[in-house]
Amino acid sequence: MMADAISATEFRLLRDLIERLCGIALGDEKTYLVETRLAPLLAENGCQDFGAFYRLVSSDPSPQLRDKIVDAMTTNETLWFRDTHPFSILRDRLLPQLAADLSQGSRFRIRIWSAASSTGQEPYSIAMTIHEFCRSNPAVRPDQFEILATDISPSALFVAKLGRYDQAAIARGLPEPLRDRYFHQEGHVWTVNDELKRMVTFRKFNLQDPMEALGRFDIVFLRYVAIYFSDGFKRQIYGGIARLLAPEGHLIISAVESLRGISEDFQQLTHGSGSYYQCQLS
Amino acid sequence: MKKVLSVDDSGVMRRIIGRTVEVLGYGFLEAANGVEALEVIARNHEEIALVILDVNMPEMNGFEVLSRLKADPVLKAIPVMMLTTEADRPRIIQAIQAGAVNYLCKPFQADDLTVKIAESLGEGF
């Protein structure tokens with residue numbers, strides 16, 4: 001039977017190996033990360049503990065196992081505030097204008113669509129960004145914002161709606177002050193506070209279905225989804241979003257996606273190192 | 001409280017599955033091999049909502065545990081999810097035909113594990 005946890009020595013050996021292999025430097029607080037990410041590889045290779053796994057890697061001249069370690073340690077899992085810049089764009093560029101519209105009464109409610117919400121990190125990150133903005137701009141309130149989070153997987157939606165995350169999941173990109181402000185801890189589990197949950201409505205939605213029933217939006221987040229689609233389907237989706245957005249509404253996609261040659265309904269804008277798109281349809 | 005049973009010879013893997021099950025609001029049971037699993041299931045079958053079976057275990061592998069469960073008139077109703085490696089993929093079709101509701105290949109991402117377990121539990125549907 002395997003050891004229940006990685007020992008301090010085993011962690012140090014693997015930490016140094018990981019740094020040599022892919023340049024990722026891990027602090028002592030990242031023990032859980034090594035354990036969580038590498039445990040499936042231990043099992044796959046029949047290793048009884050992390051020491052045996054280290055010895056196997058050290059004695060194996062082939063690159064396959066090392067590649068798997070690099071992959072396991074670097075593949076992005078769902079992160080809080082993934083890529084950072086979409087949320088700085090939201091905070092610095094989009095929310096100030098929308099807040100001014102709310103204050104002047106030219107808008108009464110802001111609607112944001114997180115179109116592939118997976119296990120909830122993106123819509124809750126949007127909700128935290130709005131909450132933080134409202135803390136420093138008391139003229140607007142979180143209840144003036146509505147976030148619709150959709151996903152094709154009912155089970156992913158179930159997990160997202162629960163809003164419960166273990167220690168490893170909560171640590172991926174979430175600054176501790178925000179964790180402590182918007183989550184509460186029960187044992188190993190961190191749960192999203194009701195003030196954030198109230199802002200987000202979860203709903204099953206297939207991007208192949210007609211979007212009109214979802215209503216109008218001021219901002220749409222559609223990230224790391226279109227990369228898997230054909231150009232024809234991308235045109236259909238971005239065209240649908242353009243018609244769904246309020247005049248001068250905004251679309252946020254990932255840095256690995258592009259509208260070039262796909263849609264002419266949007267103008268690309270930049271903020272810092274990040275891009276976002278403004279709808280040109282009236 | 002309904003419980004999820006993890007059957008895996010890896011203690012670390014059982015611990016990771018245990019944390020995920022806790023997040024989903026289920027109780028947790030564990031067994032380190034197939035023989036132990038059948039004992040745990042016999043004692044607790046009324047409260048087990050899902051069995052997560054590692055394929056590669058000494059003594060009795062996951063496929064054999066699955067076929068024993070599905071041959072039992074009472075225990076066959078318990079949903080089973082298989083944990084496999086890429087190398088086992090061809091045999092997974094057999095496991096699904098034999099009654100497994102789902103499978104996940106190692107190595108996997110933690111989010112995938114959470115969603116797959118929720119899916120196997122029928123949560124969200």
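All values reported here derive from a predicted model rather than from experimental measurement. First the proteins, then the strands, lettered A, B, ... as listed; each starts at 1.
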Q) Given a strict heavy-atom distance threshold of 4.5 Å, which part of Ala156(A) is in contact with chain B: side chain, backbone, both, or neither? A) both
Q: Select one option (side chain, backbone, both, neither) describing which atoms of Leu162(A) are under 4.5 Å from chain B's heavy atoms.
A: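 Answer is side chain: those atoms of Leu162(A) sit under 4.5 Å from chain B.
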Q) Given a strict heavy-atom distance threshold of 4.5 Å, which part of Leu24(B) is in contact with chain A: side chain, backbone, both, or neither? A) both
**Q.** For the student: nearest non-hydrogen atoms of Ser10(B) and Ala43(A), plus distance
**A.** CB-CB, 4.3 Å
Q: Quick one: closest heavy-atom pair of Tyr165(A) and Val23(B), and the distance?
A: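 Shortest heavy-atom contact: C-CG2, 3.9 Å.
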Q) Around His184(A), counting heavy atoms of other residues, nucleotides and ligands shown, do more than 12 lie under 6.0 Å from its NE2? A) yes
Q.
With a sphere of 6.0 Å drawn around NZ of Lys76(B), does it hold more than 12 non-hydrogen atoms of other residues, nucleotides or ligands?
A.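 Counting other residues, nucleotides and ligands, NZ of Lys76(B) stays at 12 neighbours or fewer.
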When rounded to the nearest 0.5 angstrom, what distance separates [atom1] in [X] from [atom2] in [Y]?
X: Ser155(A); Y: Ile117(B); atom1: OG; atom2: CD1; result: 11.0 Å
X: Cys105(B); Y: Glu44(A); atom1: SG; atom2: CD; result: 9.0 Å
X: Thr114(B); Y: Phe158(A); atom1: OG1; atom2: CZ; result: 11.0 Å
X: Glu123(B); Y: Lys161(A); atom1: CD; atom2: NZ; result: 10.5 Å

(Q) Could you walk me through whether Ser118(A) and Asp111(B) satisfy the side-chain contact (heavy atoms from CB on, under 4.5 Å) test, starting with their C-alpha distance in whole Å, then the side-chain angles of each, then the deciding distance to 0.1 Å, before giving a yes or no? (A) CA-CA 9 Å; Ser118(A) 186; Asp111(B) 293 340; 5.5 Å; no
(Q) Below 4.5 Å, heavy-atom pairs only: which of Lys116(B), Arg19(B), Glu22(B) has the largest tally toward chain A? (A) Glu22(B)
